[in-house]
Amino acid sequence: MNDTDSLLTRYAIRLGDDAMVHGQRLCEWSSNAPTLEEDLALANVALDYLGRARMLYSLAGNLCGQSEDELAFTRDTRAFQNLLILELPRGDFAFTLVRQFLLDEFEHLFFDALTASANEMLAAIAGKTRKEVAYHRRRSQEWLRRFGLGTAESARRAQAALDTLWGYVDEMFAVDDLEATLIAEGIAADRAVLRATWQAAVTHAIEAAALTVPDTTWRIEGGRQGLHTEHLGHLLSEMQFMQRAYPGLSW
Amino acid sequence: MAEASLESPQHRFDNRIEAEEKIEPKDWMPDGYRKNLIRQISQHAHSEVIGMQPEGNWLTRAPTLKRKCILLAKIQDEGGHGLYLYSAAETLGASREELVEALHTGHAKYASIFNYPTLTWADIGAIGWLVDGAAIVNQISLQSTSYGPYARAMVRICKEESFHQRQGYEIMVKLAEGNATQRAMAQDALDRWWWPSLMMFGPHDAESAHSAQSMRWKIKRQSNDDLRQKFVDQTVPQAEAIGLRIPDTKLVWNAARGHYDFGEIDWNEFNRVVSGNGLCNRQRLDHHKQAHEDGEWVRDALRAYAEKQA
Ligand SMILES: [Fe+2]
Ligand SMILES: [Fe+2]
């Protein structure tokens with residue numbers, strides 16, 4: 001494996017971890033949603049993320065000689081590289097959909113940029129993902145409006161979610177050495193340059209929903225270095241149970 | 001024409017049932033027919049929805065990513081079945097709200113098999129193979145039920161159920177091909193789910209409260225015992241093919257009948273679980289109520305938003 005391959009492997013794994021952890025959280029909504037229709041819609045979104053995790057882990061796995069399942073089920077907390085915002089517990093329905101909204105507005109820009117990747121496989125995954133994100137984004141924008149303009153309680157819950165999540169959004173735009181190198185090679189998408197556009201779009205949508213863009217100064221980062229909240233370990237112990245209890249078997 | 005106009009609606013209804021014509025929502029129908037259908041369709045809808053819980057119990061713990069995706073898609077299908085069926089019940093004038101209310105107050109039932117717990121991954125295989133397998137036998141028969149919207153819902157649903165059955169069986173095949181621990185897990189699941197699956201077809205025909213009238217109305221097309229026999233006949237060879245043992249010492253091929261003979265169901269166990277003493281009865285209902293309660297503010301917001309947009 002040459003240097004670029006090794007960097008690409010790590011890049012695909014972290015993007016895979018984002019999709020994996022978020023998909024796992026969305027699975028927790030099964031049979032818990034406010035309507036049957038919403039239960040099915042959340043399952044749709046979860047399936048997209050799980051599918052995305054599989055594609056990215058397979059890309060990485062082909063380079064590093066591990067299977068998608070080894071990558072998902074046999075790495076511990078410190079090896080996971082997902083964004084912290086994705087590992088936070090699912091919270092109430094407003095928390096889940098507001099997080100989805102912040103993420104969708106980011107992914108809409110990010111995967112669009114990634115379709116230009118010099119790596120064909122990554123570009124193809126980004127192309128497929130971009131279409132899925134367009135659907136997620138229409139839905140989460142609509143929910144933000146419903147929360148903000150629905151009842152006093154829905155607005156209160158959506159605002160509380162925004163306030164809690166806001167300290168985690170900076171990490172979506174942080175570029176470390178790994179990504180800087182891959183950006184220079186035309187393989188990774190530059191997330192830092194997406195910040196201004198994202199901020200404008202999100203501000204517009206939040207205000208249109210009569211909610212307030214949080215004015216917080218706290219910010220938490222660490223996922224890319226494997227420095228996680230305490231929630232991730234529990235998510236993984238549940239998700240990895242079978243492969244840990246019965247290692248090396250085929251299912 | 002003059003003759004037809006003299007016919008009572010009841011007479012016309014009877015003739016249509018006799019002629020195997022479908023009854024449609026706007027057609028006149030006897031009150032008992034309508035009530036019987038609402039009871040059966042809503043019970044069916046609730047079963048699809050409550051059934052999401054025991055399977056969802058393994059969604060966050062599925063052993064591979066592929067299995068997780070298949071399971072999630074299956075659970076999503078079951079929710080979709082619930083939706084079609086609630087819509088079919090709505091054509092009879094029963095709103096989803098009142099049907100869910102009847103579930104929560106214990107006036108409506110759901111398939112008692114979902115009161116059993118899913119304890120190991122093999123239970124997910126057993127449910128797909130046996131529970132979906134039994135559901136298909138019943139639902140294929142219902143494709144020719146006399147009420148049009150119900151019959152059409154069954155046609156759509158059956159296509160997906162056969163996928164579920166195959167996917168469940170595939171989980172069992174994998175376990176049976178695996179090591180001793182995996183084979184034991186598969187056998188244990190079969191041991192626990194076999195009899196409850198046979199119970200899914202309901203009491204013997206002679207003891208079935210609604211059966212005779214349902215058969216006359218052609219809501220029900222085949223008897224509980226006939227359907228159960230069909231399920232046994234198709235499932236036993238599948239178990240044998242992967243070296244699993246059906247937990248029934250009386251099970252034997254009867255060449256004269258062309259069917260398997262099998263042992264008597266433990267009806268005390270059946271009644272025990274139906275009447276609330278299964279491991280999960282309260283859990284399933286409480287879970288559904290809790291999710292409904294937690295979602296109330298969301299549904300309120302949806303309504304308020306829709307009103308403001310109008
Ligand atoms: Fe179903
Ligand atoms: Fe099914």
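Quick caveat: nothing in here was measured; it's all calculated off a predicted structure. First the proteins, then the strands, lettered A, B, ... as listed; each starts at 1.
- Contact annotation for B/Leu83: both backbone and side-chain heavy atoms come within less than 4.5 Å of a heavy atom of chain A.
- Across B/Gly56, B/Gly79, B/Gly295, the residue that shares the most heavy-atom pairs under 4.5 angstrom with chain A is B/Gly79.
- Contact of B/Val49 with chain A is made through the side chain alone, with heavy-atom distances under 4.5 Å.
- Close approach to chain B, defined as a heavy atom under 4.5 Å from one of its heavy atoms, is seen in A/Phe241, A/Met242, A/Gln243, A/Tyr246, A/Leu249, A/Ser250, A/Trp251 of residues 240-251 of chain A, taken by number.
- Note: B/Glu78 CD to A/Ser31 OG = 13.0 Å, rounded to the nearest 0.5 Å.
- When heavy atoms are compared at a cutoff of 4.5 Å, B/Ala62 approaches chain A solely by way of its backbone atoms N, CA, C and O.
- Looking at A/Asn32, the atoms closer than 4.5 Å to chain B (heavy atoms on both sides) sit in the backbone and in the side chain alike.
- Counted within 6.0 Å of CZ on B/Arg166, heavy atoms from surrounding residues, nucleotides or ligands total more than 12; the atom is thus considered enclosed.
- Only the side chain of B/Thr181 comes within contact range of chain A, with heavy atoms under 4.5 Å apart.
- Options B/Gln182, B/Lys174, B/Gln309, B/His292 differ in how many heavy-atom pairs under 4.5 Å they form with chain A, and the most are formed by B/Gln182.
- Within 6.0 Å of atom NE2 in B/His107, 12 or fewer heavy atoms from other residues, nucleotides or ligands are found, so the atom counts as exposed in its surroundings.
- By the neighbour-count criterion of 12 heavy atoms within 6.0 Å, atom NZ of B/Lys66 is sparsely surrounded, having that number or fewer from other residues, nucleotides or ligands.
- Proximity to chain A (any heavy atom under 4.5 Å) is restricted, for B/Arg96, to the side chain, taken from C-beta onward.
- Of the residues considered (A/Met20, A/Glu38, A/Met239), A/Met239 shows the highest number of contacts with chain B, using heavy-atom pairs under 4.5 Å.
- Counting heavy-atom pairs closer than 4.5 Å to chain B, the top residue among A/Arg25, A/Arg54, A/Glu68 is A/Arg54.
- Here A/Leu36 is the residue among A/Leu149, A/Thr35, A/Leu36 with the most heavy-atom pairs under 4.5 Å with chain B.
- Interatomic distance, B/Leu72 CG to A/Ser30 OG, rounded to the nearest 0.5 Å: 6.5 Å.
- To the nearest 0.5 angstrom, A/Glu70 atom CD is 12.5 Å from B/Thr64 atom OG1.
- With a threshold of 4.5 angstrom between heavy atoms, B/Glu307 does not approach chain A through any atom at all.
- Below 4.5 Å, heavy atoms of chain B meet heavy atoms from A/Glu142, A/Trp143, A/Arg145, A/Arg146, A/Phe147, all part of residues 132-147 of chain A.
- Using a 4.5 Å cut-off between heavy atoms, B/Leu65 contacts chain A through both its backbone and its side chain.
- Residues of residues 40-47 of chain A lying within less than 4.5 angstrom of chain B, judged on heavy atoms, are A/Leu40, A/Ala43, A/Asn44, A/Ala46, A/Leu47 in numerical order.
- Ranking B/Leu59, B/Thr60, B/Val298 against chain A, the residue ahead of the rest is B/Thr60, based on heavy-atom pairs under 4.5 Å.
- Between the SG atom in A/Cys27 and the NZ atom in B/Lys68 there is a gap of 5.0 Å [rounded to 0.5 Å].
- The greatest number of non-hydrogen atom pairs below 4.5 Å with chain A, out of B/Glu55, B/Glu293, B/Arg61, B/Met52, is found for B/Arg61.
- When every heavy atom of A/Thr151 is checked against every heavy atom of B/Ala301, the shortest pair comes out as CG2-CA, 3.9 Å.
- Top candidate by heavy-atom pairs under 4.5 Å with chain A, chosen from B/Lys308, B/Arg303, B/Glu296, is B/Lys308.
- Only the side chain of B/Asn179 has a heavy atom closer than 4.5 Å to any heavy atom of chain A.
- With a 4.5 Å cut-off on non-hydrogen atoms, B/Met185 touches chain A through its side chain but not through its backbone.
- Applying the ring-ring contact (aromatic ring centres under 6.0 Å, His included) test to pairs two or more places apart or on separate chains, none has a residue in residues 52-84 of chain A.
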